[in-house]
There are 2 protein chains.
Amino acid sequence: MLSKKTKYGLKALTYIARKGDNEPVQIGEIAKNEHIPQKFLESILLTLRKSGFLGSRKGKHGGYYLIKKPEDILMTDVMRILEGPIALVPCVSLNFYEPCNDCPDEATCSVNRLMIQVRDSTLNVFRNTTLADLSVK
Amino acid sequence: MLSKKTKYGLKALTYIARKGDNEPVQIGEIAKNEHIPQKFLESILLTLRKSGFLGSRKGKHGGYYLIKKPEDILMTDVMRILEGPIALVPCVSLNFYEPCNDCPDEATCSVNRLMIQVRDSTLNVFRNTTLADLSVK
DNA sequence: TGTAATCTCTATTAAATCGATAGGGTTAAT
DNA sequence: ATTAACCCTATCGATTTAATAGAGATTACA
């Protein structure tokens, strides 16, 4: 299941991208229009800023803005920051690999085999989707 | 993240399928060989039996056996029983659809759009994989 | 210069879920 | 009758998730 954090984060990024100009967008405006609890959204946008997707301006008329062009923001990167590993089990994760302690041999493990396929098909979607694709109205 | 329940369930099904004959396989044997807590595995196999994947024989020399041929057991069906909906959000689920209460218009929702693609690519894997595929050594 | 608006940061909490365990009850082979 | 196995319900501890609280720091602007 997709976490609310990821869902809200994607919606916020889309909202900002759709505005088009480079003016900062305020948390309150996003929260109101996308029906997201404002305090929760605050922490999510903070994460996205610290990860290099968003810039911010403090104080009056402050807000968040995109640092890169929407076409250059890949879903692989966004998803890894918001949701964590794309693989459903650590033993098939490209970026967060960990062996299973209960599995003596990955080569013959049926779960491993299946989850590699799921990982690859999901990666294929995320690698071919940018924020620009999400932002088409 | 894949739940342990699903992971253990898939491993158990594979174990039974790999044995080949139609003799009942005991919980204890599977638990030992696959390093699964026996009591936990009991409840999982019970679920799989009630869902029509496994049959059981009670009493001495009892155990679980496949009801259908491995080639006829699709991952779509197994995953829905063990893990639940394949879609990551209810608003793109084919079998468990529910609208988002915070989303006024699915047609323009970026999360909806992305998650439909992920669902379809994952479904494509599960629809084309059977227990027989998992059981190849 | 002061005030209001806005992002920043840490801490906390309530609820839900997950993984595992406990402890019998029921059934069938021998 | 005994034993080995599945059947069933209940519970528990740990973790994660979603949300909230509240104070701090910064900026625009009158």
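The sequence lines fix the lettering, A, B, ..., with proteins before strands; numbering per chain opens at 1.
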Kindly indicate whether the side chain of A:Glu34, heavy atoms from C-beta on, has any atom under 4.5 Å from the side chain of A:Lys7.
-> no

Would you mind reading off the distance between A:Leu45 atom CG and C:dC9 atom C1', rounded to a whole angstrom?
-> 14 Å

Test side-chain contact (heavy atoms from CB on, under 4.5 Å) applied to B:Asp120 and B:Asn124, B:Val118, B:Ile116, the passing residue | B:Ile116

Does the B:Asn112 side chain pair with the main chain of B:Cys109, one donor and one acceptor, at a distance under 3.5 Å?
-> no

Closest-nucleotide 5' rank along DNA chain D - winner of A:Ser43 and B:Tyr64 | B:Tyr64

Can you check the B:Lys5 NZ to C:dT17 P distance for me, whole Å?
-> 13 Å

Can you tell which of A:Lys39, A:Lys32, A:Gln38 makes a side-chain contact (heavy atoms from CB on, under 4.5 Å) with A:Ile27?
-> A:Gln38

When all nucleic acid strands are considered with a 4.0 Å heavy-atom cut-off, which category describes A:Gly28: base, sugar-phosphate, or nothing?
-> nothing

Chain A vs DNA chain D, heavy-atom contacts under 4.0 Å, first-to-last nucleotide span, 5' to 3', is D:dA18 to D:dC29

Rounded to whole Å, the CD-P distance (A:Gln26 to C:dA5) equals 11 Å

Between C:dG19 atom P and B:Tyr8 atom OH, what is the distance in whole Å?
-> 8 Å

Look at all strands and tell whether B:Ile27 reaches a base, only sugar-phosphate, or nothing, counting heavy atoms closer than 4.0 Å.
-> sugar-phosphate

Which heavy-atom pair separates B:Leu134 from B:Arg18 by the least distance, and what is that distance?
-> O-NH2, 3.4 Å

Figure out the CZ/P separation between A:Phe40 and C:dA14, and round it to whole Å.
-> 17 Å

Given B:His35, B:Lys4, B:Lys11, the one that forms side chain to side chain donor-acceptor pair (under 3.5 Å) with A:Asp102 = B:Lys11

Rounded to whole Å, CZ of A:Arg49 lies from C1' of C:dT8 at a distance of 8 Å

Please check if any side-chain donor atom of A:Thr108 sits under 3.5 Å from a side-chain acceptor atom of A:Asp105, or the reverse.
-> yes

Just how far, in rounded Å, is C1' of C:dC18 from CE of A:Met1?
-> 15 Å

Taking the side chain as C-beta and beyond, is there a heavy-atom pair between B:Tyr64 and B:Val25 under 4.5 Å?
-> no

Protein-proximity profile, nucleotides 23-30 of chain C, B/S/- by nucleotide at the 4.0 Å heavy-atom cutoff, equals BB--BBSS

Is the shortest side-chain N/O distance from A:Ser56 to OP1 or OP2 of C:dT8 below 4.0 Å?
-> yes

Are B:Leu2 and B:Phe40 connected in the hydrophobic side-chain network, where two residues link if heavy atoms are under 4.5 Å apart?
-> yes

Would you classify A:Lys50 as touching base, sugar-phosphate or nothing, given that sugar-phosphate means primed atoms plus P, OP1 and OP2, and contacts are heavy atoms under 4.0 Å?
-> sugar-phosphate

